[in-house]
Amino acid sequence: MPTYRLNFHWAANLDIAGITGYRLYAGRQSGVYTQSQNMGNVTSGSYVVDTTDRNPWYFALTALTATTESGFSAELQQGFLSLNATEAF
């Protein structure tokens, strides 16, 4: 199974007090996220996707506090029609 590591970087959410971390959501359809990964209380991280079929992946981020989770960020789409080892965003 071919996989690809994507590197993400984002700005800290200053609109929400008491952020304890961020969660990255991923899916194969826009707005339909079937996987998630806790990214920790940092502003960058990596996520590995299956690129067997070369179809795009869609991603969104949320901010976490001790008791709540924010709404989704703007969605990011990443296609895989042609890959090389230096691609990242």
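Both backbone and side-chain heavy atoms feed into the values below; hydrogens, waters and symmetry mates do not. The structure presented is a predicted model; accordingly, all values stated were derived computationally and were not measured.
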_With clusters defined by side-chain heavy atoms of hydrophobic residues (ILVMFWY) lying less than 4.5 Å apart, directly or transitively, does Trp10 cluster with Ile16?_
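Yes, Ile16 connects to Trp10 through the hydrophobic network.
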_Quick check: is Tyr58 connected to Tyr25 through a chain of hydrophobic side chains (ILVMFWY, heavy atoms under 4.5 Å apart)?_
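They do share one cluster, since a chain of ILVMFWY contacts under 4.5 Å joins Tyr25 to Tyr58.
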_Does Gln29 have more than 12 heavy atoms from other residues, nucleotides or ligands lying within 6.0 Å of its CD?_
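12 or below, so no.
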Rounded to the nearest 0.5 Å, what separates atom [atom1] in [X] from atom [atom2] in [Y]?
X	Y	atom1	atom2	result
Trp57	Gln77	CH2	CD	13.0 Å
Leu61	Phe8	CG	CZ	9.0 Å
Ser46	Arg5	OG	CZ	5.0 Å
Leu24	Met39	CG	CE	5.0 Å
Asn13	Thr43	CG	OG1	12.0 Å

*Does a donor on one side chain sit under 3.5 Å from an acceptor on the other, for Gln35 and Tyr47?*
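Note: Gln35 and Tyr47 side chains meet the donor-acceptor criterion.
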How about [X] and [Y]: do any of their side-chain heavy atoms sit closer than 4.5 Å?
X	Y	result
Tyr33	Glu75	yes
Tyr22	Asn41	yes
Phe59	Val49	yes
Val48	Tyr4	no
Asp53	Arg28	yes

Closest non-hydrogen atom pair between [X] and [Y], with its separation:
X	Y	answer
Thr65	Ala17	CG2-O, 3.7 Å
Asp50	Pro2	OD1-O, 3.2 Å
Ala63	Ile19	CB-CD1, 3.9 Å

